[in-house]
Amino acid sequence: KVLSQSPQTRNALVAAGMAAGVSAGFNAPVTGVLFALETTFFSAQSDARDNQNALVGVVVAAVVAAVASRVGLGDAPPLFAIPQIQLGSYFELPLYVFLGFLCG
């Protein structure tokens, strides 16, 4: 009963939290916004007006989280490094395409 909100407000708060988490965790505010909107609003049966109003909160939450994590952590190196893979020859390309289709 403490947080008795309407379903639209609850969806907006959940989307803002998701956007902030993805934005701070991966340093990708645009990705956080798109992920939050896709998972909460495009799957829920909500009014378009509610989605427009919540979009501002989601964007603000993502930007504030990205700035706060950048200020708090600085320019920290990634936790794991992914080596850069180079294509040895163009004969490998059809194999990678086949592997892509095989994996889905």
Side-chain angles (χ1 to χ4, degrees):
K1 298 270 181 182
V2 174
L3 295 175
S4 60
Q5 303 289 332
S6 68
Q8 292 85 9
T9 304
R10 195 170 344 151
N11 277 348
L13 291 173
V14 167
M18 289 171 55
V22 170
S23 176
F26 296 105
N27 194 22
V30 174
T31 304
V33 169
L34 292 177
F35 176 71
L37 292 179
E38 181 181 353
T39 56
T40 56
F41 292 121
F42 295 144
S43 62
Q45 300 297 328
S46 59
D47 189 20
R49 187 99 165 141
D50 295 329
N51 291 350
Q52 289 174 351
N53 293 337
L55 177 64
V56 174
V58 169
V59 170
V60 168
V63 169
V64 167
V67 169
S69 70
R70 184 59 87 156
V71 167
L73 297 175
D75 197 15
L79 293 176
F80 53 90
I82 299 173
Q84 185 175 358
I85 299 173
Q86 295 190 8
L87 191 63
S89 70
Y90 289 110
F91 293 113
E92 297 175 2
L93 193 58
L95 296 174
Y96 289 126
V97 170
F98 176 72
L99 183 63
F101 281 124
L102 186 66
C103 293

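Computed over heavy atoms, backbone and side chain alike; hydrogens, waters and symmetry mates excluded. The residues of the chain are indexed from 1 along the displayed sequence.
Note: Asn11 CG to Leu37 CG = 11.0 Å, rounded to the nearest 0.5 Å.
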Using atom types as modelled, flag every donor-acceptor pair under 3.5 Å from a side chain in residues 14-33 to any protein atom, sequence neighbours excluded.
from	atom 1	to	atom 2	distance (Å)
Ser23	OG	Ala62	O	2.6

All N/O donor-acceptor pairs, side-chain side in residues 96-104, below 3.5 Å, sequence neighbours left out:
none

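For residues 55-70, the pairs satisfying side-chain hydrogen bond (donor to acceptor under 3.5 Å, both in side chains) are Arg70-Asp75, with sequence neighbours left out.
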